[in-house]
Colleague: 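Take this structure, written in structure tokens, and hold onto it; I'll ask about it next.
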Amino acid sequence: MSASDQTPVASNSVREVVTADIERGTFGGRVQTRFPPEPNGYLHIGHAKAITVNFGIAADFDGTCNLRFDDTNPDTEEADYVDAILADLAWLGYPLDRAALFASDYFEQLYEWAELLIEKELAYVDEQDGETISAQRGGYGKPGIESPFRARAAEENLALFRRMRAGDFADGSHVLRAKIDMQHENMQLRDPVMYRIRAGHHHRTGDQWKIYPTYDWAHGQSDAIEGVTHSLCTLEFDSHRALYDWYLGHLPLPFEKPCQTEFARLELTHTIASKRKLMRLVDDGTVDGWDDPRMPTLRGLRRRGYPSLAIREFCSFIGVARTNSRHQIELLESFVRTNLNKVALRRMAVLRPLKVVITNWPVGDDGEPVVELMELNNNPENADDGTRMVAFTGEFYIEQDDFRAEPPPKYYRLTPGREVRLRGAYFVTATGFEADTDGQVTEVRVTYDPDTRGGSSPDGRKVKSTMHWVSAAHAVDGTAVLYDRLFTAEVPGDETGDPFDDLNESSREIIMGAKLEPALGDVEPGQVVQFERLGYFAADPRERLLFHRTVGLRDEWAKIQRRNS
RNA sequence: UCCGGGGUCGUCUAAUGGUAGGACAGCGGUUUUUGGUGCCGCCUGUAGGGGUUCGAAUCCUCUCCCCGGAACCA
């Protein structure tokens with residue numbers, strides 16, 4: 001049974017929490033989650049898990065999940081990213097049942113709540129610089145010390161805070177801090193910053209605001225405003241939960257207080273997902289852009305030909321736990337293969353062509369070699385995909401790998417004196433070959449058996465292998481791009497600390513002059529087909545006759561060769 | 001160093017006091033007009049020590065190991 005046929009795991013750590021809440025009646029049985037990306041980069045495979053978890057939990061409990069852009073930092077965020085995220089989310093296959101929301105829409109409410117905390121003497125304006133504040137915070141096992149501005153009267157804080165909003169102060173000169181506990185063992189609770197002054201232009205509020213809320217001050221409150229019940233986030237926010245609860249506990253909320261629950265983020269072998277590092281790959285020119293097929297971005301995976309369904313199935317299959325883990329990329333690839341095997345049309349393409357000539361091929365009345373139309377199956381996994389006619393004549397191409405003058409052990413393919421099947425065409429037997437001065441085979445001569453038309457012999461004799469081919473006279477030239485992992489190490493940077501030390505220098509191989517069967521000229525942009533015996537290939541969205549290898553087929557012969565070497 | 005979170009086959013993930021199961025990977029077989037697919041089989045695991053119990057991956061306890069936390073990032 002293949003992975004994707006498995007029923008999803010029956011339980012996971014988040015589902016248990018939600019189930020318990022429902023049994024307890026905590027939110028009146030209501031379940032609402034949210035996916036909160038920051039619009040400062042493109043979505044990647046890690047986000048796909050977060051999306052699957054949030055939308056999945058909502059669906060499982062008949063609840064809702066909204067998209068909220070966590071746009072609290074004008075310095076890094078851009079409207080372009082908002083559009084890209086919306087597009088990627090739609091491609092992944094999670095339609096929004098409600099328009100996208102923005103944390104920036106709550107800036108006024110957040111501001112009012114901040115004034116409320118000041119009035120309750122739970123927040124104060126600090127005039128020290130960042131370095132000083134950081135130093136005063138103390139360290140692990142070492143208590144912090146209180147700011148000299150901590151004891152300021154509420155009225156003074158209020159006046160100062162209003163002037164911060166009005167733009168009376170320079171960037172970095174003042175912050176609003178929550179007054180919690182500078183001795184607290186959880187550093188997050190040592191008077192965290194709620195507001196900082198930023199002169200930047202915000203992608204939605206423009207220049208209206210001079211002060212911007214920090215993540216912690218914005219996130220839980222945004223959840224509360226939206227009526228979120230379960231705020232699901234990754235493990236590194238675990239220590240922020242106390243702060244999340246502290247803020248919410250001091251505010252008059254329109255709904256019941258949401259609760260934060262953490263789960264492990266998705267990590268994959270041979271892959272990095274940090275936005276900063278992905279950005280570096282783009283900036284360095286290591287990859288061609290955010291949609292380079294080697295990128296773990298959703299747009300990269302899409303261009304590579306990964307079906308969004310395979311990504312979703314993978315994400316549900318791996319489950320949700322609190323264990324730090326790193327999944328092998330092979331598992332994702334197995335979902336891609338399983339998925340594509342069912343839907344990808346079969347086509348023939350020869351990547352590294354070797355010319356073969358049939359010496360007993362008939363010539364027609366016009367003096368030209370006869371051309372026959374052979375009927376080939378479009379997909380043995382799906383009869384509904386039907387068949388197609390493919391032209392065959394006395395000269396065609398096979399892969400260079402498919403002929404050996406001197407066959408190694410276990411080699412089943414064409415070799416002098418051996419008979420093999422050309423898929424859907426004829427049995428041929430190699431009778432000779434030409435080689436250049438380097439010993440490189442340049443042409444193979446074969447004879448064919450006219451009684452084996454279609455690929456089966458009337459006398460029932462067997463051949464060891466079936467090979468793909470493309471008629472020389474009918475071939476269309478195209479380009480195939482082969483990809484390997486971007487990083488050679490399972491955990492990039494594990495050895496040296498710098499993932500870029502593990503960059504795979506040959507992660508891409510461009511093969512021009514591939515010989516394609518003519519039907520490959522009609523493939524829709526983005527469509528994925530199987531090149532028989534070679535792998536799944538996605539037609540480039542823009543350039544015709546350019547194919548990206550999504551993933552190779554499992555390759556028994558390659559394994560044998562690896563073992564023998 | 002303090003606080004928090006974790007540790008089940010190679011990698012993930014189930015088992016919530018009652019037969020340690022599944023997937024991927026690997027290995028072998030079988031089917032096959034893709035050395036693909038399918039099917040069958042094999043392989044390997046509860047971090048360690050004590051305890052509670054008829055019975056422990058699960059509860060208690062000590063130890064070890066890993067991850068996260070000291071942005072005016074999220």
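So you know, we letter chains A, B, ... as the sequences are listed, proteins then strands, and number each from 1. Just so you know, these numbers come straight off a predicted model, no measurement behind them. All values below were derived from every heavy atom in this structure, side-chain atoms included, with hydrogens, water molecules and symmetry-related copies excluded.
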Colleague: Given U34(B), G35(B), G10(B), which nucleotide is nearest the side-chain atoms of R423(A)?
Modeller: U34(B)
Colleague: Please state how far atom CG in N341(A) lies from atom C1' in U34(B), giving the value in whole angstrom units.
Modeller: 10 Å
Colleague: If you check the Y140(A) side chain, which of A70(B), A71(B), C24(B) turns out closest?
Modeller: A70(B)
Colleague: Can you see if the side chain of R326(A) gets near the phosphate of C12(B) - specifically, an N or O under 4.0 Å from OP1 or OP2?
Modeller: no
Colleague: For the side chain of R554(A), counting heavy atoms from C-beta on, which of G35(B), U37(B), A71(B) is nearest?
Modeller: U37(B)
Colleague: Nearest nucleotide by nearest heavy atom, which residue falls closer to the 5' end of RNA chain B, G139(A) or N40(A)?
Modeller: G139(A)
Colleague: F531(A): what forms a ring-ring contact (aromatic ring centres under 6.0 Å, His included) with it, not counting sequence neighbours?
Modeller: F537(A), F547(A)
Colleague: Is any side-chain N or O of R346(A) closer than 4.0 Å to OP1 or OP2 of U37(B)?
Modeller: no
Colleague: Before accepting this row, confirm whether a basic side-chain N of the pair E330(A)/R485(A) lies closer than 4.0 Å to the acidic partner's carboxylate O.
Modeller: yes
Colleague: Quick check on C12(B): is either OP1 or OP2 less than 4.0 Å from any side-chain nitrogen or oxygen of S325(A)?
Modeller: no
Colleague: Are any of S334(A)'s side-chain N or O atoms less than 4.0 Å away from OP1 or OP2 of A23(B)?
Modeller: no
Colleague: Would you indicate, yes or no, if C67(B) has its OP1 or OP2 atom less than 4.0 angstrom from a side-chain nitrogen or oxygen of R265(A)?
Modeller: no
Colleague: Can you tell me which nucleotide in U34(B), A70(B), G69(B) comes closest to the side chain of Q188(A)?
Modeller: G69(B)
Colleague: For Q561(A), give me all partners under side-chain contact (heavy atoms from CB on, under 4.5 Å), at least two apart in sequence or on another chain.
Modeller: R404(A), W557(A)
Colleague: F35(A): which residues meet the ring-ring contact (aromatic ring centres under 6.0 Å, His included) condition with it, sequence neighbours left out?
Modeller: none
Colleague: Across the strands shown, which category fits T72(A) at heavy-atom distances under 4.0 angstrom: base, sugar-phosphate, nothing?
Modeller: sugar-phosphate
Colleague: What nucleotide among U34(B), G36(B), C24(B) has an atom nearest to a side-chain atom of E381(A)?
Modeller: G36(B)
Colleague: Just by protein heavy atoms under 4.0 Å, how would nucleotides 3-9 of chain B read 5' to 3' in B, S and -?
Modeller: SSBSS--
Colleague: Please pick, from U16(B), A23(B), G35(B), the nucleotide with the shortest atom-to-atom distance to any side-chain atom of L331(A).
Modeller: A23(B)
Colleague: Distance check needed: U58(B) P versus E16(A) CD, whole Å only.
Modeller: 17 Å
Colleague: Is there ring stacking between Y412(A) and G35(B), where the centres must be under 5.5 angstrom apart and the planes under 30 degrees?
Modeller: yes
Colleague: Could you list by number each residue of residues 165-183 of chain A showing a heavy-atom separation from RNA chain B of less than 4.0 Å, or answer none if no residue does?
Modeller: G172(A), V175(A)
Colleague: Enumerate the side chain to side chain donor-acceptor pair (under 3.5 Å) contacts for residues 457-466 of chain A, please, sequence neighbours excluded, ordered by first and then second residue.
Modeller: E419(A)-R461(A), R421(A)-T466(A), D449(A)-R461(A), S457(A)-D459(A), D459(A)-R461(A)
Colleague: Tell me whether E399(A) is salt-bridged to R533(A), with the criterion being a basic N under 4.0 Å from an acidic carboxylate O.
Modeller: no
Colleague: For RNA chain B, just give me the dot-bracket, please: Watson-Crick or G-U, both distances below 3.5 Å, ( ) intra-strand, [ ] crossing earlier pairs, | paired with another strand, . unpaired.
Modeller: .((((((..((((....[..)))).(((((.......)))))....(((((..]....))))))))))).....
Colleague: Out of G35(B), A74(B), C72(B), which has the shortest distance to the side chain of R198(A)?
Modeller: C72(B)
Colleague: Among U34(B), G35(B), A25(B), which nucleotide has an atom closest to any side-chain atom of E532(A)?
Modeller: U34(B)
Colleague: Do the side-chain N or O atoms of K559(A) get closer than 4.0 angstrom to the phosphate oxygens (OP1, OP2) of C27(B)?
Modeller: yes
Colleague: Got a sec, which residues hit salt bridge (Lys or Arg N to Asp or Glu O under 4.0 Å) with E127(A), two or more places apart in sequence or on another chain?
Modeller: R152(A)
Colleague: Tell me, which pairs form a salt bridge (Lys or Arg N to Asp or Glu O under 4.0 Å) where one or both residues lie in residues 164-173 of chain A, sequence neighbours left out?
Modeller: E108(A)-R165(A), R163(A)-D168(A)
Colleague: Identify which nucleotide among C72(B), U37(B), U13(B) has an atom closest to any side-chain atom of A321(A), counting heavy atoms from C-beta outward.
Modeller: U13(B)
Colleague: Find which nucleotide of RNA chain B each of M187(A) and E77(A) is nearest to by heavy atoms, and output the residue with the more 5' nucleotide.
Modeller: M187(A)
Colleague: Taking only the side-chain heavy atoms of E38(A) (C-beta and beyond), determine which of C73(B), G10(B), G35(B) contains the nearest atom.
Modeller: C73(B)
Colleague: Provide the distance between the two C1' atoms, one in U52(B) and one in U58(B), to the nearest whole Å.
Modeller: 13 Å
Colleague: Taking salt bridge (Lys or Arg N to Asp or Glu O under 4.0 Å) as the cut-off, I'd like each qualifying pair that reaches into residues 37-47 of chain A, sequence neighbours left out, listed once.
Modeller: none
Colleague: A14(B) phosphate, OP1 or OP2: any side-chain N/O from R15(A) under 4.0 angstrom?
Modeller: no
Colleague: Decide, yes or no, whether a salt bridge links D191(A) with R150(A) under the criterion of side-chain N to carboxylate O below 4.0 Å.
Modeller: yes
Colleague: Provide the distance between the two C1' atoms, one in C39(B) and one in A56(B), to the nearest whole Å.
Modeller: 38 Å
Colleague: Tell me: CD1 of I329(A) to P of C12(B), nearest whole Å?
Modeller: 14 Å
Colleague: Partners of Y244(A) by ring-ring contact (aromatic ring centres under 6.0 Å, His included), sequence neighbours excluded?
Modeller: none
Colleague: Rounded to whole Å, please give me the gap between CD in Q328(A) and C1' in U13(B).
Modeller: 13 Å
Colleague: Checking T132(A) now: which residues fulfil side-chain contact (heavy atoms from CB on, under 4.5 Å) with it, not counting sequence neighbours?
Modeller: Q128(A), D129(A), Q136(A)
Colleague: Using the ring of each side chain (for Trp, its six-membered ring), is F237(A) parallel, tilted or perpendicular to H240(A), with breaks at 30° and 60°?
Modeller: perpendicular
Colleague: Below 4.0 angstrom, N of the basic side chain to O of the carboxylate: do E375(A) and R388(A) qualify?
Modeller: no
